[in-house]
**Q** 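Just dropping this structure here.
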Amino acid sequence: MVKYVIKLEINGIEFQIQTLAGSEREAKDNAWEVIRNRTSFLSIQKDQKKELYSSFSTKLAQGIKSALLF
């Protein structure tokens with residue numbers, strides 16, 4: 001086993017993962033496992049701006065639905 005140091009950068013922030021592995025491929029797999037286990041979603045929100053720019057077909061379908069409801 002060899003100690004590997006894997007450095008990565010996300011949005012200008014540098015991270016370092018240290019792992020013991022038998023090969024570079026195993027070290028990379030270990031790093032991905034660390035990332036999966038220690039990463040969590042803080043929130044998931046719908047982007048309100050996207051609704052303002054809906055497609056023509058979406059607007060047409062909404063208009064037809066509105067007309068049928070009257």
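Sequential numbering from 1 along the given sequence is applied to the chain's residues.
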**Q** Kindly give the heavy-atom pair with the smallest separation between Ala27 and Ala21, and that separation in Å.
**A** N-CB, 3.5 Å

**Q** Checking Lys7 now: which residues fulfil side chain to side chain donor-acceptor pair (under 3.5 Å) with it, not counting sequence neighbours?
**A**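 So Lys7 forms no side chain to side chain donor-acceptor pair (under 3.5 Å) with any residue.
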
**Q** Begin with the C-alpha distance, continue with both residues' side-chain angles, and end with the deciding distance and a verdict on side chain to side chain contact (heavy atoms under 4.5 Å, CB included) for Thr19 and Lys3.
**A** CA-CA 6 Å; Thr19 185; Lys3 182 178 180 179; over 6 Å; no

**Q** Does one hydrophobic cluster hold both Ile13 and Leu8, with members joined at side-chain heavy-atom distances below 4.5 Å?
**A**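 They do share one cluster, since a chain of ILVMFWY contacts under 4.5 Å joins Ile13 to Leu8.
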
**Q** If you look at every heavy atom in Leu20 and Asn30, which pair is closest and at what distance?
**A** O-ND2, 3.3 Å

**Q** Name the atoms and distances for all side-chain donor-acceptor pairs under 3.5 Å in residues 33-45, with sequence neighbours left out.
**A**
{"unit_1": "Glu33", "atom_1": "OE1", "unit_2": "Arg36", "atom_2": "NH2", "d": "3.0"}
{"unit_1": "Glu33", "atom_1": "OE2", "unit_2": "Asn37", "atom_2": "ND2", "d": "3.3"}
{"unit_1": "Asn37", "atom_1": "ND2", "unit_2": "Glu33", "atom_2": "O", "d": "3.3"}
{"unit_1": "Thr39", "atom_1": "OG1", "unit_2": "Ile35", "atom_2": "O", "d": "2.5"}

**Q** Determine whether Trp32 and Tyr4 fall in the same hydrophobic cluster, where Ile, Leu, Val, Met, Phe, Trp and Tyr are linked whenever their side-chain heavy atoms lie under 4.5 Å apart.
**A**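 In one cluster: no.
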
